[in-house]
Engineer: 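Pasting a structure here, questions to come.
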Amino acid sequence: MNTNTIASQSINKKYFSVAQKKAMWAWLFLAIPIIFFIVVRFYPTIDSFYISLTKWNIVQDKEFIGLENYIRLFSDPVFWVVLSNTFEYLILGMPISLVLSFTIAYNLDKFKFGHTFIRACYFIPYLTTAVAMAWVWRWFYQSAPIGLFNNILIELGLEQMMFLRSTEQALPSVLAPAIWAGLGFQILIFMAGLRSVPASYLEAAKIDGAGRWQVLKEITLPHLWPTIVFLVVISTIGFLRIFDQVYNMTLDGQGGPINSSRPLVLHIYQSAFADFEMGFAAAQTVVLFAILSIITFIQFKLMRRK
Amino acid sequence: MSNLPTNMKAVPDMKKLLTWTVLCIGGLAMIMPLIFMFITSLKVGEEVYTLSFWPDEPTLENYIYLFENSNFLIWFFNSFVVAIVTTISVLFFDSLVGYTLCKFEFKGKKLVFVAILSTLLIPTEMLVIPWYLMVKDFGWLDTYWGIMFPGMISGFGVFLMKQFFETVPDDYIHAARIDGLNEFQIWWKVAMPMVGPALSALAIFTFLGNWTAFLWPMIVSNDPELYTVPVGLASFSGEFNTDWELIMAGASVATIPTLIVFILLQKYIVRGVVMSGLKG
Amino acid sequence: MKKMLLILLLGLIPMTGGAVEIEYWQYKYDARVKAVDLLIKKFEKQNPEINVKHVKFPYAQYRTKVAAAMAAQHGPDVLQLYYGWVSDYHSAGLLQPLTDKYITAKEVDEQFYPIVQSMKYDGVYYALPTAVRTVGLFWNKKLFKKAGLTHPPKTLDELVEMSKKLTKRDKHGNLTQAGFAVDVAKQYHHWWREVLIRQMGGEPYTNNYQQVNYNNEAGAKALEFLTDFIKTHKVTEPGFMDEGQAAFKSGRAAMYIDGLFRIPTFKKARRLDWSVAELPSHNGIKSNVSSYWVNAVTQKAKGEKRDAAEKFIAFLSSEEAMQVWIDIVGELPARTAAAQKKENVEHELYGPFIQGLGYAHSTQFKSEASQRQVLLNAFDRVILQGMPVKEALTQLADEEQKILNK
């Protein structure tokens with residue numbers, strides 16, 4: 001509070017323009033958070049950039065090796081498989097989860113009866129630990145007569161599926177619980193967004209006689225735009241950083257079979273904490289950082305409000 | 001479209017009922033795995049793998065074991081302290097920063113935003129070791145503060161709040177400025193009440209995120225008195241064995257506080273009343 | 001340099017009070033915690049001037065935790081390490097050698113199983129185990145009886161024949177009982193490396209585990225033998241019941257290979273009627289695989305503490321401690337005499353594992369997780385993608401050699 005009064009005193013002096021005063025307020029508000037981010041985030045990030053140029057197993061001293069980790073990374077065929085898996089998670093996961101969560105939130109928003117209960121149902125998966133849930137899903141994916149899904153398929157007169165034990169189906173099988181677990185998060189944000197649309201606008205539109213779709217297109221969606229931008233960016237980052245489900249659902253936490261469901265963050269994790277090759281892991285982190293930066297940048301450009 | 005005859009009214013109601021039913025069934029499907037988790041927690045060890053829906057001899061012995069053989073209450077208390085303090089800090093700082101980045105114009109604003117956003121791009125796993133060495137230099141090992149400090153302000157929350165402050169019309173802020181409020185008061189008294197839904201959503205996510213945080217609390221505390229719930233639960237997985245029935249019981253119990261927090265906070269995710277009154 | 005100074009300074013800080021306190025770390029698992037607590041109590045009774053603080057961490061993150069703590073010099077005085085990590089810690093200068101004061105190198109050479117000698121660097125031991133472990137064949141007595149079989153298989157050929165007889169499917173052809181559960185992520189990768197390859201006439205590695213040596217007839221036969229349980233004999237399926245131990249525990253697998261650390265799991269299953277046998281032999285060759293945890297003194301322990309730490313390690317490697325360990329944790333004594341005690345050798349469950357100890361090998365892994373994973377991939381290539389065994393083996397040898405060369 002002390003700094004606050006000092007700042008407001010100096011701000012009140014006449015020789016600052018309004019814009020300058022506002023800028024000073026802004027920096028005042030940002031001061032603590034910026035220091036925090038520099039210490040807690042930027043410093044270790046820059047540190048990992050340096051680590052990526054070394055050979056380091058935590059217990060021994062770092063040894064500078066230049067770009068060797070990067071050369072090794074790019075010449076590793078598994079890395080390219082992992083990269084393409086990572087994008088597959090994004091390309092499948094992001095649109096499916098956003099469309100689903102918007103549809104649910106939009107429709108649920110209209111009901112009062114049972115609203116709290118239904119909303120809680122969609123949200124609870126987000127509350128539970130990934131380890132416990134992954135185990136349940138693994139059982140659901142078992143072959144008949146044990147697995148739930150395969151029993152259903154047989155009841156419907158369809159062929160059984162291999163799910164987690166197939167190189168083609170493993171990735172979507174791991175993705176499904178990831179979408180399932182994150183749905184509640186997205187629904188809640190959409191809900192908060194929908195409820196920030198001023199009711200007066202909606203009423204005004206109704207009085208003007210606009211239909212459902214028209215209201216959705218002309219009032220709701222434009223108001224929801226910042227929310228949508230937020231969710232697109234956040235869920236992109238989320239799917240590109242998918243880890244928990246793959247680690248807990250695939251055999252030995254390896255993203256198999258034969259790396260077919262292995263994403264980049266798992267690759268980083270295994271390098272760092274199974275092989276203790278921190279330099280190699282850091283190099284992958286730098287690559288992930290670059291990819292995420294580019295994608296996020298493009299998304300912001302594309303979604304800039306016209 | 002807009003001039004529907006009144007006798008068609010029954011049809012949308014049918015449609016509404018259908019939508020409701022679908023939502024309801026979807027919701028129940030969502031909690032299926034959780035029901036499974038709970039039922040498993042009532043089974044004895046060897047029955048875990050027989051996939052009968054209901055256990056032959058349902059038992060509470062896993063829960064009893066859990067409370068007798070572990071410091072569940074201490075873990076709960078620690079998780080609570082960590083989650084509550086972090087949540088309060090995040091709500092305050094993140095909304096302040098989000099507001100600043102949304103409603104102020106100044107040089108370097110874009111850079112600050114991009115920099116904060118970029119903190120989301122590095123996986124926590126890579127930060128754990130540098131943090132540990134840092135915490136050791138600061139002398140924060142084995143303290144609550146050591147567990148909490150990396151989460152006190154989150155880039156995620158800043159971004160969320162910035163996006164939601166965009167829905168607050170600038171007119172209100174100008175009006176408040178003319179009324180003689182200072183910038184801090186404008187943020188606190190005028191802008192904050194308008195983003196209630198986003199704040200409660202952020203509170204839920206932050207509480208949850210810290211409640212379930214595992215890797216960092218595990219690395220930073222040597223002292224079992226400082227274990228949080230997930231760190232404590234992890235000790236039921238050994239080198240070769242995992243006692244799933246105990247993990248399921250633990251996970252069921254650990255879900256309860258988060259569920260309570262969710263139920264308490266979700267009711268604030270309602271349509272803001274301020275706006276509808278003023279504009280019309 | 002700074003590190004060294006700090007270590008020196010730490011060592012110079014005088015002890016306050018009469019008693020020396022040393023900190024001991026291990027991973028958290030009920031039986032191990034119980035055993036160590038009991039041993040500490042005994043040790044403190046014998047040495048009232050020493051206090052041992054017992055700290056434990058979840059297994060899955062234990063290695064990370066230890067590495068981070070050691071790097072930050074925030075670790076314990078005595079540390080439990082997996083045998084495969086010791087060389088890294090030793091070459092980083094984080095461990096102190098054990099002097100001859102409480103246990104001599106000669107004593108260890110003569111009285112411990114020879115696998116322990118890999119803890120010796122330049123004639124000095126840096127770490128000692130309390131217990132060692134081997135693998136065995138678990139078999140379900142009830143299912144054997146139902147199939148009209150009286151004894152567990154003694155040879156690999158018998159294993160194949162019996163597993164066929166013990167397999168059951170329902171009317172849709174779905175597997176309901178596996179004759180022999182194969183779980184490559186668990187002990188089966190060890191079985192392939194150290195047992196099957198040797199039994200097919202090969203030697204898995206040369207040059208002190210630096211060079212793969214299985215890309216040949218023996219390796220191919222071994223891999224074929226392992227994959228044939230699924231491909232040809234169809235006595236199990238990949239991922240059946242999620243884990244092999246789950247299948248066995250719930251009575252849906254008649255045979256299963258695993259380590260002796262699985263005994264408590266199966267003991268808990270009250271309805272399961274089971275026993276253990278030695279691994280089947282082949283061409284008259286018997287082999288087994290062993291792994292173990294060791295205790296070491298870290299650089300942190302200086303002066304009185306170092307002395308106390310060494311004393312504690314010697315106690316943990318005494319015959320007395322080993323008997324406590326086998327009784328509570330169920331792992332085998334690392335001293336030959338303690339293991340060969342009549343009550344242990346004749347024990348229905350421990351006996352076969354002790355037999356295995358006599359001819360066991362310990363793989364010197366560069367990275368156990370990575371080396372296991374490439375084998376898992378080779379296995380999947382044969383099973384899921386139908387790749388010929390020889391081709392998969394060549395690729396495996398290539399991938400594993402790359403890991404070894406790192």
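Proteins come first, then strands; the chains are lettered A, B, ... in the order of their sequence lines, and each starts at number 1.
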Engineer: With no hydrogens and no angle check, is any side-chain donor or acceptor of A:Asp109 less than 3.5 Å from a backbone partner on A:Ala105?
Structural biologist: no
Engineer: Name the orientation class of the two ring planes belonging to A:Phe243 and A:Tyr247 (parallel below 30°, tilted from 30 to 60°, perpendicular beyond 60°).
Structural biologist: parallel
Engineer: Name the member of B:Ser200, B:Ala201, B:Ala251, B:Gly26 that forms the most heavy-atom pairs with chain A at distances under 4.5 Å.
Structural biologist: B:Gly26
Engineer: Which region of B:Ile263, side chain (C-beta onward) or backbone (N, CA, C, O), has a non-hydrogen atom less than 4.5 Å from a non-hydrogen atom of chain A, or is it both or neither?
Structural biologist: neither
Engineer: Heavy-atom cut-off 4.5 Å, strictly under: side chain, backbone, both or neither for B:Lys162 against chain A?
Structural biologist: neither
Engineer: Determine, using ring centers only, whether A:Tyr106 and A:Trp213 are less than 6.0 Å apart.
Structural biologist: no
Engineer: With a 4.5 angstrom heavy-atom cut-off, which part of A:Thr103 approaches chain B: side chain, backbone, both or neither?
Structural biologist: neither
Engineer: Go through it in stages, so that I can follow the logic: the residues are B:Arg177 and B:Glu183, the test is salt bridge (Lys or Arg N to Asp or Glu O under 4.0 Å), and I'd like the CA-CA distance, side-chain angles, deciding distance and then a yes or no.
Structural biologist: CA-CA 8 Å; B:Arg177 207 166 279 141; B:Glu183 297 298 328; 2.8 Å; yes
Engineer: Report which part of B:Ala254 has an atom under 4.5 Å of a heavy atom belonging to chain A: side chain, backbone, both, or neither.
Structural biologist: neither
Engineer: Heavy-atom distance under 4.5 Å to chain A: side chain of B:Trp244, backbone, both or neither?
Structural biologist: side chain
Engineer: Name the member of B:Val22, B:Val97, B:Thr212, B:Val158 that forms the most heavy-atom pairs with chain A at distances under 4.5 Å.
Structural biologist: B:Val97
Engineer: Which atoms of B:Lys109 come close to chain A, meaning under 4.5 Å heavy atom to heavy atom: side chain ones, backbone ones, both, or neither?
Structural biologist: neither
Engineer: For the candidates B:Leu120, B:Val114, B:Leu202, B:Leu28, which exhibits the highest count of non-hydrogen atom pairs separated by less than 4.5 Å from chain A?
Structural biologist: B:Leu120
Engineer: Which atoms of B:Val229 are under 4.5 Å from chain A, going by heavy atoms: the side chain, the backbone, both sets, or neither?
Structural biologist: neither
Engineer: Where on B:Leu23 is there a heavy atom nearer than 4.5 Å to chain A: the side chain, the backbone, both, or neither?
Structural biologist: both
Engineer: Is the number of heavy atoms from other residues, nucleotides or ligands under 6.0 Å of A:Ile32 CD1 greater than 12?
Structural biologist: no
Engineer: Would you mind checking which part of A:Ala26 comes under 4.5 Å of any heavy atom in chain B, side chain (CB onward), backbone (N, CA, C, O), both or neither?
Structural biologist: both
Engineer: Sort B:Phe159 into side chain, backbone, both or neither according to what part of it lies under 4.5 angstrom from a heavy atom of chain A.
Structural biologist: both
Engineer: Determine which pairs satisfy side-chain hydrogen bond (donor to acceptor under 3.5 Å, both in side chains) with at least one residue from residues 278-293 of chain A, sequence neighbours left out, and list them in order.
Structural biologist: A:Ser271-A:Gln284
Engineer: So what's closer than 4.5 Å to chain A heavy atoms on B:Phe156: side chain, backbone, both or neither?
Structural biologist: both
Engineer: Could you tell me which portion of B:Ser41 (side chain, backbone, both or neither) has an atom closer than 4.5 angstrom to a non-hydrogen atom of chain A?
Structural biologist: neither
Engineer: Side chain from CB out, backbone as N, CA, C, O: work out which of these in B:Ile129 comes under 4.5 Å of a heavy atom of chain A, or both, or neither.
Structural biologist: side chain
Engineer: Any chance CZ of B:Phe92 has more than 12 other-residue heavy atoms, nucleotides or ligands included, within less than 6.0 Å?
Structural biologist: yes
Engineer: Measure distances from A:Val286 to the heavy atoms of chain B and classify the residue's part below 4.5 Å as side chain, backbone, both or neither.
Structural biologist: neither
Engineer: At a 4.5 Å cut-off on heavy atoms, which part of B:Trp20 comes close to chain A: side chain, backbone, both, or neither?
Structural biologist: both
Engineer: Measure up the A:Phe29 and B:Trp187 rings against each other and bin them: parallel (under 30°), tilted (30 to 60°), perpendicular (over 60°).
Structural biologist: tilted
Engineer: My understanding is that only residues two or more places apart in sequence, or in another chain, count here; which of them pass side-chain contact (heavy atoms from CB on, under 4.5 Å) with A:Ala23?
Structural biologist: B:Phe106
